[in-house]
Structure formats: C-alpha cells, structure tokens
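Quick note on labels: first sequence line is chain A, next is B, and so on, each numbered from 1. Everything numeric in this text was worked out from a predicted model, so none of it was measured. These values consider heavy atoms only, across backbone and side chains, with no hydrogens, waters or symmetry-generated copies.
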Number of protein chains: 2
Amino acid sequence: MSVGIRDVARAAGVSTATVSRALGRGPVSEALRQQVEAAVRATGYRPNLSARRLRSQSTQTIGLIVADIRNPFFTAVSRAVEDAAYAAGMRVILCNTDEDPDREALYLRLMEEERVTGLIFAPTRVTAEAMKAGDLDVPAVLIDRAGPPGAHDSVVLDNVAAAAQLAEHLWAQGYRRIGGLFGATSSTAQERQAGYEGALRRVGAEPLARVAAPNAAAAEAILVEWLAGDDRPDALVLSNGLMLMGAVRAARRLGLAAPGSLGLAGFDNEPWSDLVEPGLTVIEQPVAEIGAQAMALLFDRLKAPDQPVRKVTLSGRLIVRGSSRRA
Amino acid sequence: MSVGIRDVARAAGVSTATVSRALGRGPVSEALRQQVEAAVRATGYRPNLSARRLRSQSTQTIGLIVADIRNPFFTAVSRAVEDAAYAAGMRVILCNTDEDPDREALYLRLMEEERVTGLIFAPTRVTAEAMKAGDLDVPAVLIDRAGPPGAHDSVVLDNVAAAAQLAEHLWAQGYRRIGGLFGATSSTAQERQAGYEGALRRVGAEPLARVAAPNAAAAEAILVEWLAGDDRPDALVLSNGLMLMGAVRAARRLGLAAPGSLGLAGFDNEPWSDLVEPGLTVIEQPVAEIGAQAMALLFDRLKAPDQPVRKVTLSGRLIVRGSSRRA
DNA sequence: GCAACTAATGAAAACGTTTTCACAGATCCT
DNA sequence: AGGATCTGTGAAAACGTTTTCATTAGTTGC
C-alpha cells in the first residue's frame, strides 16, 4: 500500500535504522545519506508522524485554547503563536471554548490525550481560579488572563494601569460622569474594572461600573438602556474591542454620535479603529508580542521544567482619537 | 510512568482487548464495561491518541490551509470548520500560507505526513491551476477558490454574479466612471474582475480595472496614486474586505470622504462595516455556510470516495449602505 | 603489535494502542 | 440431541517508526 521506511531501506540497500538516522540527525556516513535521500525521492516516501510520535514520545504539537478565534485579539495572538510554532517545527491544535468552563475542561482533557508538548491557554475566571501548580500534566502558559500567582507561567497586559490610563484620559478631557462596562467572565475584565475604579477615586470621582457578557450584542443591549436613563454617564470605558463596538452601536442608536456627547475609550486597536468616525480611542495591546512571548516562555519551560514560575507583564499603548474628544 | 491501557486492564481484571472494546464500541458485557469504566476513573487513564492513530490508521484530523487567519473571511470560515470538526470528534490543524505557493507546497506535504483524514484548502491561483484530480492522496475540498473543473470538490461564491451586482448597483446610482481593483493571487479575484467587466460592458461602459496584492496597504498605495490622477474614477469596486479598507483609507487621505465624491462597493460584510461612515456597501458572503458546506462535502467524500466531483456555488447578498450613495 | 577506544551500521525491541484470530460457552434450528 | 451460529473474551500480532544493543571495522595510544 503506502510506502514505509522499510521500502526506503530496501531501495537504498540499508537497514531501517540507517534510514531513520539519515532522515533525523544520527551519525551516518555521507555516502549512505546520499543513497537514502535518493531512495526517499525515488519512492516518494512520507514519514508517518503518528508512528514517529508514538515511538519518540514527543508530539511536537502545541495546544492553543482560546475563547473565540473571531475575537480579533485572539486572532492576532493565534497567528503569532502559529508562526513561532511552525518555525520551530511544531504544529498547533486550536480550540474555541466560547468562555464555557465545561468546554475548557473538555479541551484540557483532549490536550492531555494528544500528549501535546505544551499548552497555551486563555482561561475563564472560573477555570483560572481553580488552577493549581502541577494541576495540568502539560507545561502550560496562560495568556491574557493569569491564574493564581505562582501556579503557571503567564503573559498578560498590565490591565490595571491600562484601564486607569483610559479613565484618567477621559477625566482630563473634562468628562465628569465616567461609566464603565466590563466583561463578566475573565480576570482581565476584573483587573480593568479595578484600574478604572482606582483612577476615578484618585481624582475624587464616583465609579459607575457595570458588568456584561463580553460581546458586542450584550454590551449594546445594556448600554442602550443605561444611556437612555436619567443617570446616564457622559463617557464610557469599555473592557474590550467587542464591547467597544457595542458601545458605538448603542451611541448611534440613541443619537449620541456627535463628538463630545458621549466620550468613548476602550481596549484593542484594530485595523478599522481609526475608520469609525471620529476614530476610537483605545489601548493597543501588543498582540504579536503576546503570542511570541507566550511561545518563548513555553520553550524555556520545556528546556528547564523546574525553573521558577514566570509572569510577563506587557504594557498597552494609549492611542487617542476623536471618540474621547470633548465637544 | 504514565498509566497505559495495560494498567487499566490489570486494575479491572480483564485483558487490554476488553478495555479497548469497552472504551470504543466493541461488544462487551455490561458488567465488564462497568468494571472498566471504574478502573479508568481509578487510574486516571488517558488514551494515547498517537498510538490509537497509528494502530487504527485513522487520524481523525482535518487540515485547514488558508492564506491568513487574520483575514476576517478566513477567520469566520475556520471557526465554522472547527465547530463541525469537533462536533464530529475530529481535530483541526491550521496553516497560514500568506499566499505563498512555496509554503502551500510545504504545508501540503506536511498534511500528507500527518495522514490527515481530509483537507480543506484555499489555494492561490498558481497552485490551484496546477492541481489535477488524484493529485493529493488526501480527500480535499477547495474553498473560496476552485481549481480546474472536475479536479476537486469545492465550495465557492458566485463571484461573477456578485461582482456584476456591485458594478450594476454603482451604475444605477449614477456613477459613470466605475473603476475596479482586484487581487493578484486568487482565481476568485479574477472571476470578480470578469463579472465587473462584463456588467460594465453590458451597460455600455468602459471597464477600468487594476490589479494589486490583496491587502489593505497595497490597495491604499495604488489607489492614492490613481485617485489623484486625471483619469480618476468616480466609483470603485473592490475585490475583498482588506482592499475595501484600503480604499476607504485612500479616499480619506485625498479628501474624498464626502458621500458621492467617490462611490465605494466591495466584498465581505464585517461587524464594523456599518460603523465606518457612511456605511460600506458590500456583498456579504455566507461565511459560516461556506465552512459548514466544506465539511459536509468532505464527510460525503469520505463516505463515498468515488462519487463524482461536486462544486457548491453559494450566492452573496448585496447590502447597500451609504458608501455607494450618490451626492 | 596489541589493547582500548570510536564511528558506523544492522537486528531486534519498544512505543501504546486496535484488531485479528482462536476458543469457550450459550443459543438456536431442525 | 447434535451440529451450526452467535457472543464475549483473551492472547498475540500488527501499526510504522525510533532507539537500544551488539557487532564490525577503523583508529589511536603506548
């Protein structure tokens, strides 16, 4: 049927061991290496990776578990992870959990069965809080959302500082009733809320925070109601790119699109953030860097499994555009 | 070390064959099945998927090869593919080619080595044209871009009709010098160009088509030059979402943002398409349907390998917004 | 010149499953 | 009642590699 290493060995007049060594990095004489390579070409041999993985006990595969690849933040991070993985001769298996802890548990088990070499995981708050050191029997790096300190390597944004920066910026623009809408499922959203509240208290303002599912539709629904009420804020901090989009929609539905009528500032700079009039003021996350750093941490951990747990905190960059300007 | 099926067998007091059957779908008495399940729980056994794949000669893995997961079209399609795959107990390996034929060849070989059960592939024009029936030894479905008729199953948009619809719409709005900018690497872009040119000729207008790399930066650069010249068009058809974004940028840079000063119509409806003032007129592709149909074709092909090649053509839907309105 | 090492190679074991094969016992048909 | 057919089970082979182990030939050191 399919051509295997035995066929190559026969064609080259050597043993299977020699073929294996010639294709990998064993000690093989130059002459035989040539013969083997010729035989490989002649037979059209393709190594069977399942067999290789079984025997070598190394899958060269990394698992990537995120909430939803359609969230532009995860899209960008995953691309960076994949680039790093393929550059290192590894493959990536991607799973979407939709922020559902049950699916997280399911996929974690699947990753164990895959015997993945390493895992990159953006857990919900529920799952993250339950995670202990040595919990997973796979080396793991948490991204975007860290668990309890010391449990796992992680790479996160300085969410407190970033959210504070947004709130302070809106305050400096002259807004005085600055509301905030934050995601319900991630530790990241909690940290952003804390940063927002701290900044407002520091300037003597009252925080007005609400919580919603971290998607555009939920944010829009809540905000349409909130912004129509008497206690409506004159500016908003949004906890991620999807919720910021929901806020823009809500503002337009209520006729609050004019600059200054509702200040908006949020997270995630996207290719279209400057095209939405009058431009969205956002914290830009270093998405490529997050993915690359996660892979770097993972590789370090594989090399030195017992080194102390590391947490890499990256800073966001405030990009001021028209949505936070005051009339 | 790690617990294997032998350990489970010993704990349950049965043979490994019985454990395998109890976990799969072999004929096992209810009593033994219970014992095995208890033993699995007691030992914390996780089947080794590499071993399973090797022995069963079935990887339950599908390969997904696209240009760039950050292109929102591919993001959405890939999510649909993954949902269908995991629902069927399969895994997905994703590869980004960046429209590079060399990387396409590399990843195709990789997929063969993985012994993927099936392949979903969006090839560049170069690669697609070179593909023959029986070329790949893996069942494959081409998406977005089809190869030579009869070579492989495929699911594509009716690009000719969709592009014609855009051109006709702009004509009906009163635009008379309707330009077009199309991608250079995909058969899809060629078909869209043909549809655009056909529609214009039908109404007696002269097509003004140009070609560029299918990304926002390249489109913007070309258009800034084109729109500044004497022969500038008064409306544009753009060949995909990224190029449409480039067109919006170019128009703004040249002060052509006012409604009616430059009509714009393109492909790919995205969550923010209505937020970019005055709203982008686009052909919406049924992205989820494309992914789901591709998986359906693939499963059918796996069940009946010798059935005739099928091509599923889906229709786009014109969404008219402000960008194509005339002053 | 001979022991001791080194390098290259092949035979065979090993990786952890599923599947084949054989067999024992139960059930069925005339 | 006696073969034929089914059902559940275990022993062992098989999947296609890599790796261990032994062996040979070649080199070095004294």
Those residues at least two apart in sequence (or on a different chain) that pass salt bridge (charged side-chain N to carboxylate O under 4.0 Å, His left out) with A/R46 are B/E112
Nearest-nucleotide check on DNA chain C, A/T16 vs B/R52; residue mapping nearer the 5' end is A/T16
Across all chains, not counting sequence neighbours, the ring-ring contact (aromatic ring centres under 6.0 Å, His included) partners of A/F74 are none
What residues 18-35 of chain A contributes to the DNA chain D interface at heavy-atom separation below 4.0 Å is A/S20, A/R21
A/D153 meets the salt bridge (charged side-chain N to carboxylate O under 4.0 Å, His left out) criterion, sequence neighbours left out, with A/R301
Here the salt bridge (charged side-chain N to carboxylate O under 4.0 Å, His left out) pairs for residues 48-66 of chain B, sequence neighbours left out, are A/E114-B/R53
Side-chain donor-acceptor pairs of residues 26-34 of chain B under 3.5 Å, sequence neighbours excluded:
residue : atom : partner : partner atom : Å
B/S29   : OG   : B/L32   : N            : 3.4
B/E30   : OE2  : B/Q34   : NE2          : 3.0
B/R33   : NH2  : B/A22   : O            : 3.3

Checklist entry - Hey, would you say the A/Y107 and A/F121 ring centroids sit under 6.0 Å apart? => result no
By salt bridge (charged side-chain N to carboxylate O under 4.0 Å, His left out), A/R10 pairs with (sequence neighbours left out) A/D7
Sequence neighbours excluded, the answer for ring-ring contact (aromatic ring centres under 6.0 Å, His included) partners of B/F299 is none
Outermost contacting nts on DNA chain D, any atom under 4.0 Å from chain A heavy atoms, listed 5' then 3', are D/dG16 to D/dT20
Applying salt bridge (charged side-chain N to carboxylate O under 4.0 Å, His left out) to B/E129 and not counting sequence neighbours gives B/R125
ring-ring contact (aromatic ring centres under 6.0 Å, His included) filter on A/Y45, not counting sequence neighbours, yields none
Rounded to 10°, the angle between the first-five-pair and last-five-pair axes of the helix from C/dG1-D/dC30 to C/dT30-D/dA1 is 30°
